[in-house]
Amino acid sequence: MEAISFYHYLKTGKLITLDESREFSKFPLSVQIYLLGISDLSGELMRFATNLATSGNRVEPFPIMEFMQNIYISCLGLKRFGVFKEKLE
């Protein structure tokens with residue numbers, strides 16, 4: 001799920017929806033797996049933004065940072081749910 005969501009972000013600049021990700025997946029995709037994949041997406045985006053910045057790109061990392069902040073804020077509401085609590089702490 002992490003790779004699918006990263007690929008989708010690179011192509012569209014947007015977060016993939018659950019329905020869109022189910023179209024890509026060859027396996028049944030639960031809501032929990034989708035959300036965990038989205039939470040893991042932040043690590044890939046951070047690496048991508050860091051690589052952009054270290055290669056001299058001073059523009060593209062900022063929209064990525066804003067996108068990641070929006071994901072984080074959206075995930076805060078999930079913090080009380082078991083495995084999501086561990087991911088967000």
Describe, in one word, how the ring planes of Phe48 and Phe6 are oriented to each other, choosing from parallel (under 30°), tilted (30 to 60°) and perpendicular (over 60°).
perpendicular
Minimum heavy-atom distance between [X] and [Y], given as atom pair plus value:
X     : Y     : value
Leu52 : Glu60 : CD1-CB, 3.8 Å
Ser42 : Ser39 : OG-O, 2.9 Å
His8  : Lys14 : ND1-O, 3.2 Å
Ala49 : Pro61 : O-CG, 3.7 Å

Rounded to the nearest 0.5 Å, the CG atom of Leu15 sits from the CD1 atom of Ile38 at a distance of 4.5 Å
Return the CD1 to OG1 distance between Ile64 and Thr50, rounded to the nearest 0.5 Å.
9.0 Å
Note, [X] side chain near [Y] side chain (heavy atom, < 4.5 Å):
X     : Y     : value
Ile33 : Phe27 : no
Asn57 : Val59 : yes
Tyr9  : Ile16 : no

Any donor-acceptor N/O pair, [X] side chain to [Y] backbone, under 3.5 Å:
X     : Y     : result
Arg58 : Ala53 : yes
Ser25 : Ser21 : no
Glu44 : Leu41 : no

Answer yes if [X] and [Y] sit in the same cluster of Ile, Leu, Val, Met, Phe, Trp and Tyr residues linked by side chain heavy atoms under 4.5 Å apart, and no otherwise.
X     : Y     : value
Ile4  : Leu18 : yes
Leu10 : Phe62 : no
Met68 : Met65 : no

Take a 6.0 Å sphere around CE of Met46 and say whether it holds more than 12 heavy atoms from other residues, nucleotides or ligands.
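Not buried by this count: 12 neighbours or fewer within 6.0 Å.
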Just do the side-chain contact (heavy atoms from CB on, under 4.5 Å) check on Leu29 and Met1 with the steps written out, would you?
CA-CA 9 Å; Leu29 189 63; Met1 183 56 229; 3.8 Å; yes
